[in-house]
Amino acid sequence: MESFEKVKALNDFYDDVHCRRQGSGDTTLCGLKTAGRPVDREVTCLRCREFTSGNF
């Protein structure tokens with residue numbers, strides 16, 4: 001199973017928490033550029049939640 005990090009994204013109007021694959025660089029699962037270090041909050045991006053659960 002893959003490991004995901006919770007991150008913030010640049011230019012995200014809703015200020016959601018997104019997911020990215022560990023070691024994947026600077027792109028979230030939904031395609032946005034990441035902004036900084038991982039965060040400890042719950043994922044709030046609906047698209048990223050769908051990707052992590054396998055429902056794409």
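These numbers come from a predicted model, not from an experiment.
- Looking at Val39 and Glu5, their side chains never come closer than 4.5 Å, going by heavy atoms from C-beta outward.
- Counting heavy atoms from C-beta outward, Leu29 and Arg21 have side chains that approach closer than 4.5 Å.
- A salt bridge links Lys8 with Asp15; the closest basic N to acidic carboxylate O contact falls under 4.0 Å.
- Side-chain contact between Glu42 and Val17 is absent, with no heavy atoms from C-beta onward closer than 4.5 Å.
- The backbone N or O of Val43 sits less than 3.5 Å from a side-chain atom of Arg49, completing a donor-acceptor pair.
- Put simply, CZ on Arg47 and OG1 on Thr28 are 9.5 Å apart, with the number rounded to the nearest 0.5 Å.
- Taken to the nearest 0.5 Å, the NE2 atom of His18 stands 5.0 Å off from the SG atom of Cys45.
- Grouped with Leu10 in a hydrophobic cluster is no other residue, since no side-chain heavy-atom contact under 4.5 Å to another Ile, Leu, Val, Met, Phe, Trp or Tyr is found.
- Taking a 4.5 Å side-chain heavy-atom cut-off between Ile, Leu, Val, Met, Phe, Trp and Tyr, the cluster of Leu32 contains only that residue.
- Two residues are said to be in side-chain contact when any heavy atoms from C-beta on lie closer than 4.5 Å; Ser3 and Gln22 meet this criterion.
- Separating the SG atom in Cys19 from the CZ atom in Phe51 is a distance of 11.0 Å, to the nearest 0.5 Å.
- Shown here for Gly25 and Thr34, the closest heavy-atom pair between the two residues is O-OG1, 4.4 Å.
- Judged as a side-chain hydrogen bond (donor to acceptor under 3.5 Å, both in side chains), and not counting sequence neighbours, Thr27 has no contacts.
- Counting non-hydrogen atoms of other residues, nucleotides and ligands closer than 6.0 Å to CG of Asn55 gives a total above 12.
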